[in-house]
Amino acid sequence: MNLKSNGHTLRILIADDQPKVRYALRVLLASQPGMEVIGEAVDADDLLRKTQGNNTDVILLDWELPGIADRQLMKQLRMTAPDMTVIALSGRAEAGDAARSAGVNEFVSKVEPPEHLLSAIAKYV
């Protein structure tokens with residue numbers, strides 16, 4: 001999957017409190033042309049700080065990210081960066097409806113194959 005066809009490198013911020021998950025996502029994305037991980041956040045406050053003024057295209061958001069409640073976090077993200085793509089991730093597939101109703105662009109279960117996440121990201125290129 002070559003996402004750099006439009007000449008734009010997709011700038012991705014990973015927000016997950018689990019170091020192993022952040023590492024796995026970083027490795028997966030580093031192997032994809034046209035994608036660049038520009039940072040990582042470990043909690044909601046860290047994420048909000050890192051999204052201000054940094055030209056992030058996509059946030060991969062752990063739906064159970066510690067800190068601010070998920071719905072409130074989405075409201076704040078939409079206020080600071082209304083056009084940013086937010087893809088929620090969770091090990092609980094049933095969290096998808098709540099994430100979508102809170103305003104995420106996509107939801108991907110952490111138990112799905114990596115290709116599902118890459119396909120979800122590719123929709124926004």
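Remember, predicted model here, so these are calculated numbers, not experimental data.
The shortest distance between side-chain heavy atoms of Ile59 and Leu77 falls below 4.5 Å. The shortest distance between side-chain heavy atoms of Lys20 and Gln18 does not fall below 4.5 Å. Side chains of Asp57 and Ile38 form no contact here, defined as non-hydrogen atoms less than 4.5 Å apart. The shortest distance between side-chain heavy atoms of Leu10 and Glu36 does not fall below 4.5 Å. By the 4.5 Å heavy-atom criterion applied to side chains, Leu13 and Thr51 are counted as neighbours. Annotation: side chain of Leu60 is in contact with side chain of Leu29 (closest heavy-atom distance under 4.5 Å). At least one side-chain heavy atom of Leu89 sits under 4.5 Å from a side-chain heavy atom of Val108. Considering only heavy atoms from C-beta on, Val104 comes within 4.5 Å of Trp63 through its side chain.
Note that the CG atom of Leu25 and the CG atom of Leu117 stand 6.5 Å from one another [nearest 0.5 Å]. Rounded to the nearest 0.5 angstrom, Ile87 CD1 and Ile12 CD1 are separated by 7.5 Å. Separation of atoms CG (Asp62) and CG (Asp16) is listed at 4.0 Å; rounding is to 0.5 Å. With rounding to the nearest 0.5 Å, the separation of CG in Leu61 from CD in Glu64 is 9.0 Å. Rounding to the nearest 0.5 Å gives a distance of 8.0 Å between CD1 of Ile121 and CD of Gln32.
Residues passing the side-chain hydrogen bond (donor to acceptor under 3.5 Å, both in side chains) test with Gln52, sequence neighbours excluded: none. Lys123 is linked by a salt bridge (Lys or Arg N to Asp or Glu O under 4.0 Å) to Glu106, counting only residues two or more places apart in sequence or in another chain. Residues that satisfy the salt bridge (Lys or Arg N to Asp or Glu O under 4.0 Å) test with Arg49, not counting sequence neighbours, are Asp46.
With hydrogens and angles left out, the side-chain atoms of Arg71 and Ser101 include a donor and acceptor closer than 3.5 Å.
When all heavy atoms of Ser31 and Pro33 are compared, the pair lying nearest together is O-CD, 3.7 Å. Of all non-hydrogen atoms in Arg100 and Phe107, the two that sit nearest each other are NH2-CB, 3.7 Å. Looking at every heavy atom in both residues, Gly91 comes nearest to Val111 through O-CG1, 4.5 Å.
A distance-only check finds a donor-acceptor pair linking the side chain of Glu112 to the backbone of Ser109 [under 3.5 Å]. In this structure, Asn105 contributes its side chain and Val86 its backbone to a donor-acceptor pair below 3.5 Å. Checking side-chain atoms of Thr56 against main-chain N and O of Val58 turns up no donor-acceptor pair under 3.5 Å.
There is no path of hydrophobic side-chain contacts, each under 4.5 Å, that joins Leu65 to Val21.
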_Between Asp17 and Arg22, does the salt bridge (charged side-chain N to carboxylate O under 4.0 Å, His left out) criterion hold? Intermediate values first, please._
CA-CA 8 Å; Asp17 63 321; Arg22 290 194 313 271; over 6 Å; no
*asked:* Applying salt bridge (charged side-chain N to carboxylate O under 4.0 Å, His left out) to Asp83 and Arg78, what does each step give before you reach the verdict?
replied: CA-CA 8 Å; Asp83 298 326; Arg78 292 298 180 211; over 6 Å; no
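Remark: Asp70 does not engage Lys75 in a salt bridge, criterion side-chain N to carboxylate O under 4.0 Å.
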